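Keep in mind the model is a prediction, meaning the values are calculated, not measured. Nothing fancy with the numbering, it's 1 onward along the sequence.
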Amino acid sequence: YEIQRWISVDQKLPHGLLKRIQVRIFKKVFKRSGVKDINLAQNEIHILDKNLTELYCVSGKRTEECPGLGLSEGIRLYIRGTDKCNVMSLLSKVYSCVENTLHDYPGLVFDHYVVHTTPTESSFMRLEEVQAIQATGEKKINFRNEILCNSYEIGDGQDKDNAYQGCSRKSKSKEVILHINDLLPPSPKQYSFPIEGKCNLDEEQFNSVMLK
């Protein structure tokens with residue numbers, strides 16, 4: 001089970017932003033719980049916690065598939081694991097650290113996106129839009145997936161290498177219906193974490209989690 005976020009700003013990222021996020025994550029999330037494995041680089045954070053839930057965070061220029069302007073830069077956040085509750089719990093804790101760090105830069109406007117990907121498709125929706133739909137009680141949401149592909153047209157007498165020089169980048173789109181609880185942690189009205197540390201979910205949500 002994997003969940004992703006894209007956080008961007010229409011300029012270069014502030015110098016040292018990822019380092020600040022890293023420090024806050026270790027202080028607030030992993031200082032007590034500890035980690036099983038860790039790899040740090042200038043623009044990347046990779047952590048495997050003791051529940052075998054994986055956190056990967058990378059900063060840099062936006063790719064063609066990502067929303068934003070040409071000069072935009074951002075942070076791509078991936079959290080994956082075999083247990084959905086652990087993934088959602090880590091997402092909530094890590095994202096709180098990210099948001100608190102971004103508050104250190106009041107002059108910048110960061111755009112937050114929920115990301116859904118498949119091997120051939122990717123789609124982005126503003127986080128606040130998904131949260132607003134969740135707040136209405138809706139359980140599903142329509143996502144528009146962008147399918148990126150290369151188009152090559154080879155004319156008579158034209159070799160393949162020369163044809164590549166004239167290739168064009170095209171995209172197709174289609175709508176997919178996704179469960180909101182596969183994209184966001186359930187709202188406080190839907191579940192809580194009691195003292196025992198177990199998830200309280202209604203029957204449908206519990207079955208959804210157990211089938212993941």
Side-chain angles (χ1 to χ4, degrees), residues 1-10 21 51 53-59 62-69 72-103 109-149 169-193 198-212:
Y1 180 78
E2 179 179 286
I3 199 160
Q4 296 185 32
R5 295 288 186 267
W6 166 246
I7 305 162
S8 67
V9 62
D10 290 335
I21 291 174
N51 292 320
T53 304
E54 183 180 12
L55 164 66
Y56 179 64
C57 189
V58 58
S59 65
R62 64 175 286 273
T63 59
E64 186 174 358
E65 66 177 0
C66 297
L69 302 178
S72 297
E73 292 189 355
I75 295 172
R76 192 73 173 260
L77 179 67
Y78 306 79
I79 299 179
R80 62 175 67 95
T82 57
D83 186 279
K84 182 177 179 179
C85 276
N86 289 337
V87 171
M88 287 298 187
S89 175
L90 185 58
L91 171 67
S92 297
K93 296 173 184 176
V94 168
Y95 213 79
S96 175
C97 294
V98 172
E99 290 182 311
N100 287 335
T101 305
L102 297 183
H103 291 160
V109 177
F110 292 90
D111 297 315
H112 300 248
Y113 294 90
V114 174
V115 186
H116 171 67
T117 62
T118 70
T120 58
E121 304 168 356
S122 62
S123 55
F124 299 76
M125 182 176 285
R126 288 185 180 273
L127 176 61
E128 59 265 29
E129 293 181 20
V130 182
Q131 290 172 329
I133 294 173
Q134 182 191 49
T136 67
E138 291 289 336
K139 296 184 178 180
K140 296 182 180 180
I141 189 171
N142 289 330
F143 250 67
R144 182 173 294 277
N145 277 6
E146 297 295 329
I147 309 171
L148 300 178
C149 58
R169 188 74 165 173
K170 297 182 178 180
S171 67
K172 304 175 183 178
S173 64
K174 71 175 184 179
E175 287 191 351
V176 294
I177 299 176
L178 303 173
H179 288 273
I180 291 180
N181 283 351
D182 287 338
L183 304 170
L184 298 178
S187 65
K189 294 182 180 180
Q190 292 174 301
Y191 84 6
S192 61
F193 287 95
K198 298 180 180 179
C199 292
N200 289 337
L201 299 92
D202 61 36
E203 183 176 356
E204 180 179 347
Q205 293 166 344
F206 178 82
N207 290 335
S208 175
V209 170
M210 295 307 293
L211 290 173
K212 287 295 178 182

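- Taken to the nearest 0.5 Å, the CG atom of Leu77 stands 9.0 Å off from the CD1 atom of Ile3.
- Thr53 places a side-chain heavy atom less than 4.5 Å from the side chain of Ile79.
- In this structure, the side chain of Tyr56 does not engage the main chain of Arg80 through any donor-acceptor pair within 3.5 Å.
- Across Pro185 and Arg5, no two heavy atoms sit closer than the pair CD-NH2, 4.5 Å.
- Glu73 meets the salt bridge (charged side-chain N to carboxylate O under 4.0 Å, His left out) test with no other residue; sequence neighbours excluded.
- From Asn142, atom CG reaches atom CG of Leu178 across 8.5 Å, with rounding to the nearest 0.5 Å.
- Counting all heavy atoms, side chain and backbone alike, Cys57 lies closest to Ile75 at SG-CG2, 3.3 Å.
- Looking at Glu129 and Gln131, their side chains never bring a donor and an acceptor atom within 3.5 Å of each other.
- Looking at Glu65 and Arg76, a side-chain N of the basic residue comes within less than 4.0 Å of a carboxylate O on the acidic one, giving a salt bridge.
- Side-chain atoms of Thr136 come within 3.5 Å of backbone N or O of Ile133 as a donor-acceptor pair.
- Looking at heavy atoms from C-beta onward, Val115 lies out of side-chain contact with Ser123 at the 4.5 angstrom threshold.
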Subject >> Candidate pair Ser72 and Val9, rule side-chain contact (heavy atoms from CB on, under 4.5 Å), full reasoning >> reply: CA-CA 6 Å; Ser72 297; Val9 62; over 6 Å; no
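- Side-chain contact check for Tyr113 versus Ser8: some heavy-atom pair is nearer than 4.5 Å.
- In this structure the side chain of Met88 reaches within 4.5 angstrom of the side chain of Tyr1, judged on heavy atoms.
- Applying side-chain hydrogen bond (donor to acceptor under 3.5 Å, both in side chains) to Asp182 and the options Lys140, Lys84, His116 leaves one that passes, Lys84.
- With hydrogens and angles disregarded, a donor-acceptor distance shorter than 3.5 Å links the side chain of Asp83 to the backbone of Cys85.
- To the nearest 0.5 Å, the span separating CD on Glu2 from OH on Tyr78 amounts to 7.5 Å.
- Atom CG of Leu183 sits about 10.0 Å away from atom CG of Leu127, to the nearest 0.5 Å.
- Trp6 contributes atom CH2, which lies 6.5 Å from atom OG1 of Thr63 (distance to the nearest 0.5 angstrom).
- Counting heavy atoms from C-beta outward, Pro67 and Asp111 have side chains that stay 4.5 Å or more apart.
- Separation of the His112 and Tyr95 ring centroids falls under the 6.0 Å cut-off.
- Taken from CD1 in Ile7 to CG in Leu102, the straight-line distance is 6.0 Å, to the nearest 0.5 Å.
- The shortest side-chain heavy-atom distance between Val114 and Leu184 falls under the 4.5 Å cut-off.
- Met125 places a side-chain heavy atom less than 4.5 Å from the side chain of Ile141.
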